[in-house]
Amino acid sequence: MVRRENSIADLMDKFVCVRVIQMNAVDLAQYQFDYDMSFAVFFQNADGAIYGRFGTRSTGPQEADKEITMDGLRAAMEGALALHKAYPGNAAQLAGKRGPEPRFAVPERYPKLGQFKPELDYSGKLAQSCIHCHQVRDAERDYLRRAKQPISDRDLFPDPLPDAAGLTLDKDTRATVEAVAAGTPAAVAGLKPGDEILAAAGQPLLSTADFQWVLHNAGDSAQIPLRVRRAGKAADLDLKLPSGWRTKVDFGWRTSTWDLRRIAFGGMKLDPDPEGNAKAPLLVKHVGKYGEHARAMKAGVKVGDRLLRIAGLESPPTESAAITHVLRNVKAGEPIKMTLLRGSREIDVTVEAQ
């Protein structure tokens, strides 16, 4: 077999590759990433300095590779090697790649995950003893909810895609702009298709996931300095994100949304109504049947119902908007009043916020 220069196989020989298949005992100070991913890569050195991340997702498991390609991985690996060659002279640029100190050092310290142990149980209980990535996000929200603390937009809308700022990045490159939506923060900043984003918030970018990391750690309103290369020349731009920019993201595809449906809906899943009903744009696609996910079913909710209002919010446009509204306005133990449309008849149901 003939291998071309800088093939994935060639590049792999220049890395020490470690595969981690569970979150048990993982150092959460070092490994902060999009916990709803099926596949995520860290590039780091022996000092623990992080060069970058790779792995992006915008939909469910049936299209888990929609936002990543082998060419994109190759570009990220080449970029990581270049940063490694310049280390430690670039250590200050890499400082932002490591996130703030987590609430707990390892996942099993969270109360919701307290039954797990650092080691997997290979005596027939492998699946039951494994902490899945998405459970870390679940456990953080559960901790905040039970402590009666607000769940922030950052916790509800984690790792936003670049389109939250109005741009799309070419998945075959590190961070080259593919498209810019008119009237968005990206357009106002002056970004154009073909621009190569070299750095954001002072951090070198190896992939879309690196740009997501910068967005994830940005404030509810923020100004992010960008260093771009356009037609061979470097330029500095400012990406200004207005208040509430995160909430335009739809998080319904995330596995960790499943527990939010239990908290906010009593265990039902909402999808856009294929008939485009403006008055009731969300259709009940699924109703849980077991445990705490069965509360909506026990209250009388049925598959095929349409949601007219929930907790005072009329015609919620997306499932994410409905969940966010309930979490912001209804405390645990309080009633969540919903009005559903079943055929032409309105049905009022009440479930308890969990």
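Counting begins at 1 with the first residue of the sequence. Any value given below was found using the heavy atoms of this structure, including those in side chains, with hydrogens, waters and symmetry copies removed.
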inquiry  = Side-chain heavy atoms nearer than 4.5 Å, only ILVMFWY residues, links allowed to pass through others: does that put I50 and Y35 together?
reply    = yes
key: Residues forming a ring pair (Phe, Tyr, Trp, His ring centres under 6.0 Å) with H216, sequence neighbours excluded   = none
message = Any carboxylate oxygen within less than 4.0 angstrom of a Lys/Arg side-chain nitrogen, looking at K285 and E319?
response = no
key: Stepwise side chain to side chain contact (heavy atoms under 4.5 Å, CB included) test for F265 and L270   = CA-CA 9 Å; F265 299 154; L270 302 174; 3.7 Å; yes
task = Tell me, please, which residues at least two apart from S320 pass side-chain contact (heavy atoms from CB on, under 4.5 Å).
result = D250, F251, T318
task = Return yes if a side-chain donor-acceptor contact under 3.5 Å exists between T69 and D71, otherwise no.
result = no
query = Rounded to the nearest 0.5 Å, how far does CG of L113 lie from CE of M23?
reply = 10.0 Å
key: Test: E108 and K117 ion pair at under 4.0 Å   = no
message = Between D153 and R246 (salt bridge meaning N to carboxylate O under 4.0 Å), is one present in this structure?
response = no
ask   = According to a 4.5 Å side-chain heavy-atom criterion applied to Ile, Leu, Val, Met, Phe, Trp and Tyr, with indirect links allowed, do L282 and M338 form part of one hydrophobic cluster?
value = yes
ask   = If two hydrophobic side chains count as joined below 4.5 Å and joins carry through other members, does L161 share a cluster with F157?
value = no
inquiry  = Once rounded to the nearest 0.5 Å, what's the spacing between atom CZ of R137 and atom CG of L260?
reply    = 10.5 Å
inquiry  = I'd like to check the salt bridge (Lys or Arg N to Asp or Glu O under 4.0 Å) partners of R262; sequence neighbours left out, ordered by chain and number.
reply    = D259, E292
request  = Using the side chain to side chain contact (heavy atoms under 4.5 Å, CB included) rule, take Q30 and Q44 through it: C-alpha gap first, then chi angles, then the decisive distance, then the call.
outcome  = CA-CA 10 Å; Q30 180 73 11; Q44 65 179 54; 3.2 Å; yes
ask   = Would you call D348 and K337 a salt bridge, using N to O less than 4.0 angstrom?
value = no
query = Quick one: do the R174 and S207 side chains pair a donor with an acceptor below 3.5 Å?
reply = no
request  = Starting from the C-alpha separation in whole Å, work towards a yes-or-no answer on ring-ring contact (aromatic ring centres under 6.0 Å, His included) for F54 and F42.
outcome  = CA-CA 7 Å; F54 180 85; F42 273 75; over 10 Å; no
task = Find out if a path of hydrophobic residues (ILVMFWY) with successive side-chain heavy-atom gaps under 4.5 Å connects L81 to M70.
result = yes
inquiry  = The criterion is side-chain contact (heavy atoms from CB on, under 4.5 Å); which residues satisfy it with E140, sequence neighbours excluded?
reply    = R103, Y110, L144, D155
query = Do you know which two heavy atoms are closest between D273 and A280, and how far apart they sit?
reply = OD2-O, 3.9 Å
remark   = When rounded to the nearest 0.5 Å, the distance separating CD of E101 from CG of L28 is 10.5 Å
request  = Would you please name every residue forming a side chain to side chain donor-acceptor pair (under 3.5 Å) with T59, sequence neighbours left out?
outcome  = none
key: Side-chain heavy atoms of I310 within contact of I336, under 4.5 Å   = yes
inquiry  = Is it the case that the side chains of Y87 and D47 hold a donor-acceptor pair, with the cut-off being a distance below 3.5 Å and no angle test?
reply    = yes
ask   = CG of L205 to CG of D210: how many Å apart, nearest 0.5 Å?
value = 5.5 Å
request  = State which residues pass ring pair (Phe, Tyr, Trp, His ring centres under 6.0 Å) with Y51; sequence neighbours excluded, sorted by chain then number.
outcome  = H84
query = Which other residues belong to the hydrophobic cluster containing L126, where Ile, Leu, Val, Met, Phe, Trp and Tyr are joined when side-chain heavy atoms lie under 4.5 Å apart, directly or via other members?
reply = L120, Y122
query = Ion pair present between R254 and D34, side-chain N to carboxylate O less than 4.0 angstrom?
reply = yes
ask   = Shared ILVMFWY cluster between L308 and V349, side chains joined below 4.5 angstrom?
value = no
ask   = Could you give the distance from CD (E67) to CG (L169), rounded to the nearest 0.5 Å?
value = 10.0 Å
key: Salt-bridge criterion met for R309 and E314 (N-O under 4.0 Å)   = yes
message = Quick one, T56 with Q212, criterion side chain to side chain contact (heavy atoms under 4.5 Å, CB included). Give me CA distance, side-chain angles, the key distance, then yes/no.
response = CA-CA 8 Å; T56 297; Q212 287 178 266; 2.8 Å; yes
message = For W258, give me all partners under ring pair (Phe, Tyr, Trp, His ring centres under 6.0 Å), at least two apart in sequence or on another chain.
response = H286, H293
With S256 via side chain to side chain donor-acceptor pair (under 3.5 Å) - residues at least two apart = D36, R141
key: Spatial distance of atom NZ (K279) from atom CG (L341) [nearest 0.5 Å]   = 7.0 Å
Tell me which donor-acceptor pairs under 3.5 Å the side chains of residues 231-240 have, and how far apart each pair is, sequence neighbours excluded?
residue : atom : partner : partner atom : Å
D236    : OD1  : R227    : NH1          : 2.9
D236    : OD2  : R227    : NH1          : 2.9

ask   = Between D163 and T168, is a side-chain hydrogen bond (donor to acceptor under 3.5 Å, both in side chains) present by the stated rule, with each step listed?
value = CA-CA 6 Å; D163 59 13; T168 303; 6.0 Å; no
message = In the structure I gave you, are the side-chain heavy atoms of K269 and V284 within less than 4.5 Å of one another anywhere?
response = no
ask   = Do any N or O atoms from the side chain of T176 and from the backbone of T173 form a donor-acceptor pair under 3.5 angstrom?
value = no
query = What pairs with R53 under side chain to side chain donor-acceptor pair (under 3.5 Å), at least two apart in sequence or on another chain?
reply = none
Pairwise salt bridge (Lys or Arg N to Asp or Glu O under 4.0 Å) hits with a residue in residues 190-202, at least two apart = D195-R230, E196-R229
request  = Keeping the roles fixed (side chain from E334, backbone from K331), state whether a donor-acceptor pair exists under 3.5 Å.
outcome  = yes
